[in-house]
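Just so it is clear, the structure is predicted and the values come from calculations on it, not from any experiment. Order of the sequence lines fixes the chain letters, A, B, ..., with proteins taken first and strands second; residue numbering starts at 1 for each chain.
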4 protein chains.
Amino acid sequence: MLASVASRPTFKRLPRAVREQQMLDAAVRVFSRRGFHEASMDEIADEAGISKPMVYAYLGSKDDLFRACVNREGTRLLESIVSVVGDDLPADEQLWRGLRGFFAFVGAHRDGWAVLYRQAKSRQPFADDLAALRTRIVAVVAGMLGRAVQAARTSAHEQDLTASAYALVGAAESIADWLADHPEADPDHSAARLMNFSWLGARQLLQGELWQPSSA
Amino acid sequence: MLASVASRPTFKRLPRAVREQQMLDAAVRVFSRRGFHEASMDEIADEAGISKPMVYAYLGSKDDLFRACVNREGTRLLESIVSVVGDDLPADEQLWRGLRGFFAFVGAHRDGWAVLYRQAKSRQPFADDLAALRTRIVAVVAGMLGRAVQAARTSAHEQDLTASAYALVGAAESIADWLADHPEADPDHSAARLMNFSWLGARQLLQGELWQPSSA
Amino acid sequence: MLASVASRPTFKRLPRAVREQQMLDAAVRVFSRRGFHEASMDEIADEAGISKPMVYAYLGSKDDLFRACVNREGTRLLESIVSVVGDDLPADEQLWRGLRGFFAFVGAHRDGWAVLYRQAKSRQPFADDLAALRTRIVAVVAGMLGRAVQAARTSAHEQDLTASAYALVGAAESIADWLADHPEADPDHSAARLMNFSWLGARQLLQGELWQPSSA
Amino acid sequence: MLASVASRPTFKRLPRAVREQQMLDAAVRVFSRRGFHEASMDEIADEAGISKPMVYAYLGSKDDLFRACVNREGTRLLESIVSVVGDDLPADEQLWRGLRGFFAFVGAHRDGWAVLYRQAKSRQPFADDLAALRTRIVAVVAGMLGRAVQAARTSAHEQDLTASAYALVGAAESIADWLADHPEADPDHSAARLMNFSWLGARQLLQGELWQPSSA
DNA sequence: CATGAATGAGCTTTCATTCAT
DNA sequence: CATGAATGAAAGCTCATTCAT
């Protein structure tokens, strides 16, 4: 214990790369806690344990800073989905894995998610960055569904596929939003519920059907 | 002289209730256009064609004003859904009508929708009002599904029903959000797409099935 | 005495026009004392006995405020020259009156002069306003000289006239600059000295000649 | 390897005096371009190709640095006047040479001139340094005139001489100021015009007289 | 000798809110 | 009832200046 205190680094004069990550961490926390406008650069600097001018020197204006947060968290989110979806699995398995990855990320990075969606969505300057991310996610999902259609040799209209992907992502976001506010909730549960709804549809659900993970 | 004053058709000295509605109209427009923080009380007073102290006298602080906007628009939204859903219709017909009512409202009150969701969702002080509204909508949908289950004499778990309702509402909100930004889009189209997805589920869609309104 | 105190207005809630003049007075004093950049809006508001937001509400940004000062003082200066120069007097009398008017203004509005020349000249955004004023003064002087040339039936090149006018104005400005820093100096003395130099030239002065006002 | 280091033609490890001149060069350029306050120490360091702490180590605070600029440029200006004025030439020739020297300097060192006059004149802390320089120049001119008076055996009052010198210097400064902004203008032209005005006076000019350099 | 890292202090500007008329 | 006048408080941003390496 004492040793750890004694060897504790001074936390001063850190190299730029390190400080930048510290600042982004702090900014994500504060933006998530307060919202973009209510968050003050002073509070962010405080949270990062550094003075305000450093934030401006390294990350630029408040807008720049926020955009950097959005991009970092967005990239992480996308990776945590793409990395778990095997390309050659059956469609339902892919969807299931994607949802689990998604909700796992949200469960683990509640602050990041709040920054991404609760804040960025509303603010015009950042909506574009976010729209780009969203489009990429939708594309991933639509691709997933598309391959399934080919496998089933049916011919769903492409527009319907995209719309379905949109609805799916929307539903997921909405549930994620709820998840971000309920720390005790289990991400996997959310994933399973959404999986059931989106895979079977309301009609099947009403008839008592239930989808089961093939691996279980 | 006096006659001209008496017959003057200006908007002065209106009864309080009318003035309040004018102010709310103006406030909804400005909040929608600028967002909560960027909207200034000056601009709202201007838009309402009235002086600032009047706004404070009638509707209280900026927070109060915003909350009044949210409540008015929320009530309207709820009414436009509930009023079209016949209690004794089949479940799919009820869902279809509900969705159409929902998207019709969003299409017709894009400003109101933007205030409700893009602003209120992000701001802690108002999130509660919004959550209450949301809960009521979810309850409506869950009730709808519940009656369908009873009709089908199956036994879906209640939690699954609620989750489904959540997912459904979430998907609807997300698509509505997109709709609010695309003035040229047709609300009924959005309703139909979401109906297909949520009623049939991804699996059926992938197999080429399509739901059709029974009335058409 | 007591009456004056008793009847002293509260200095609150003054009409806009009055407050604006108070603010301009204060701004001219502070800009003159500190220079444009060293002057803070806080100090200007203090000097005007009013809060900062009022300054912004009435006169706009710091730049706007400064420009308003320059324009007001510039207009006053020009008037105090033009108003005393009779159009049909002999050239030397006109010049003499113009110089007296000019130095009288500078003597009486030392702050205004400092604002006009010491500050505005250096700052690009305001240099234009000032250049316009200067051009008008030069034009007045050049016109004066031009009429004298016609009266003398000689043929001085126009460019030489303009250059002379420029030199004259420059010399006057420079002496005015010195005058603004020496409160005890007599403006009329300065006018007489410059009159001698510019009317007779160094050569005549060296030979002991002296110009005398015709009216004396 | 070592050889390459040894023969490296970079600018590192220069003797202090050289570095200081480089810094002053850079500072003069930046102050001239931006003005005193708008010039940042960062930009000056950048322009000098050196890091900020070096500037502080060698030349002290921003004020110190500016004062050093003013002094260097002022000295150069004075030298370029004094060096061309022969002590035993006729008065008009001396004046002519002095003016040519002055305008030649301004034409060749427009940045330096801008620093000296446009900046230093306005800033109280530096006005003193500049006043001292100005006094020395006025003294040179007054001395010139004084010797001419003695030669002419006339008896001009000394105060008039000084005032004339002042007016002359003022006119010259003003024209120089204009010259600094017009890179295409010919310094000798400016010198000739001012020579005519100041030597002959407005009256003679109006009668069509013209002064000619005796050497031409 | 030379520099990247760091900051205290200050400035302009805006805005919700309230008097006094 | 209605409004122009007025302000306290705070936010974003910059800069001269100094350590610690």
**Message:** So A/Met54, base contact, sugar-phosphate only, or nothing? Heavy-atom distance under 4.0 Å.
**Reply:**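 Base contact - A/Met54 has a heavy atom under 4.0 Å of at least one base atom.
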**Asked** What is the nucleic acid contact for A/Ala39, judged by heavy atoms within less than 4.0 Å: base, sugar-phosphate only, or nothing?
**Response**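 Sugar-phosphate contact only - A/Ala39 comes under 4.0 Å of backbone atoms but never of a base.
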To the nearest Å, how far apart are [X] [atom1] and [N] [atom2]?
X: B/Glu43; N: E/dA16; atom1: CD; atom2: P; result: 10 Å
X: A/Leu14; N: E/dT7; atom1: CG; atom2: P; result: 10 Å
X: D/Ile50; N: E/dA2; atom1: CD1; atom2: P; result: 7 Å
X: B/Asp42; N: E/dT13; atom1: CG; atom2: P; result: 18 Å
X: B/Phe66; N: E/dA16; atom1: CZ; atom2: P; result: 13 Å
X: C/His37; N: E/dC11; atom1: NE2; atom2: C1'; result: 9 Å
X: C/Asp64; N: E/dT14; atom1: CG; atom2: C1'; result: 15 Å
X: C/Arg13; N: F/dA5; atom1: CZ; atom2: C1'; result: 5 Å

Nearest to the side chain of [X], heavy atoms from C-beta on, is which of [options]?
X: C/Pro53; options: E/dT3, F/dT17, F/dT7; result: F/dT7
X: B/Met41; options: E/dT7, E/dA16, E/dT12; result: E/dA16
X: B/Ser51; options: F/dA9, F/dA2, E/dT17; result: F/dA2
X: C/Lys52; options: E/dT13, E/dT3, F/dT3; result: E/dT13

**Asked** Looking at B/Glu38 and B/Arg33, does any basic side-chain N land under 4.0 Å from a carboxylate oxygen?
**Response**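 Not counted as a salt bridge, because no side-chain N and carboxylate O are separated by less than 4.0 Å.
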**Request:** In plain terms, say whether B/Arg72 and B/Asp25 are close enough for a salt bridge, that is, a side-chain N and a carboxylate O under 4.0 Å apart.
**Result:**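 Yes, charged N to carboxylate O under 4.0 Å.
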Answer yes or no: does a side-chain N or O of [X] lie under 4.0 Å from OP1 or OP2 of [N]?
X: C/Arg16; N: F/dA6; result: no
X: A/Tyr58; N: E/dA5; result: yes
X: A/Tyr56; N: F/dT14; result: no
X: D/Arg19; N: E/dA2; result: yes

**Message:** So, taking the atom named OH in C/Tyr58 and the one named CD in C/Gln22, what distance separates them when rounded to the nearest 0.5 Å?
**Reply:**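 The CD atom of C/Gln22 is 10.5 Å from OH of C/Tyr58, to the nearest 0.5 Å.
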**Message:** Reading DNA chain F from 5' onward, which residue's closest nucleotide shows up sooner: A/Glu38 or D/Lys62?
**Reply:**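 Counting from the 5' end, the first nearest nucleotide belongs to A/Glu38.
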**Request:** Could you pick out which residue, A/Asp63 or C/Ala17, lies toward the 5' side of DNA chain F when each is mapped onto its nearest nucleotide?
**Result:**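 Result: C/Ala17.
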**Prompt:** Of C/Phe36 and A/Ala57, whose closest DNA chain E nucleotide lies nearer the 5' terminus?
**Reply:**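 Of the two residues, A/Ala57 wins.
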**Message:** Taking the side chain as everything from C-beta on, heavy atoms only, tell me whether D/Leu133 gets closer than 4.5 Å to D/Asn71.
**Reply:**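 The answer is no; the side chains never approach within 4.5 Å.
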**Request:** Report the base-pairing partner of E/dC1 (Watson-Crick or G-U wobble, both distances below 3.5 angstrom), or none.
**Result:**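 Pairing partner: none.
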**Request:** Using Watson-Crick or G-U wobble geometry with both distances below 3.5 Å, tell me the partner of E/dG8, or none.
**Result:**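 Here E/dG8 is engaged in a pair, and the nucleotide opposite it is F/dC15.
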**Prompt:** Parallel under 30°, tilted from 30 to 60°, perpendicular over 60°: which one fits the rings of D/Phe36 and D/Phe31?
**Reply:**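 D/Phe36 vs D/Phe31 ring planes: parallel.
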**Message:** Quick check: closest heavy atoms across C/Ala26 and C/Ile44, and the distance to 0.1 Å?
**Reply:**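 What the structure gives for the nearest pair is CB-O, 3.9 Å.
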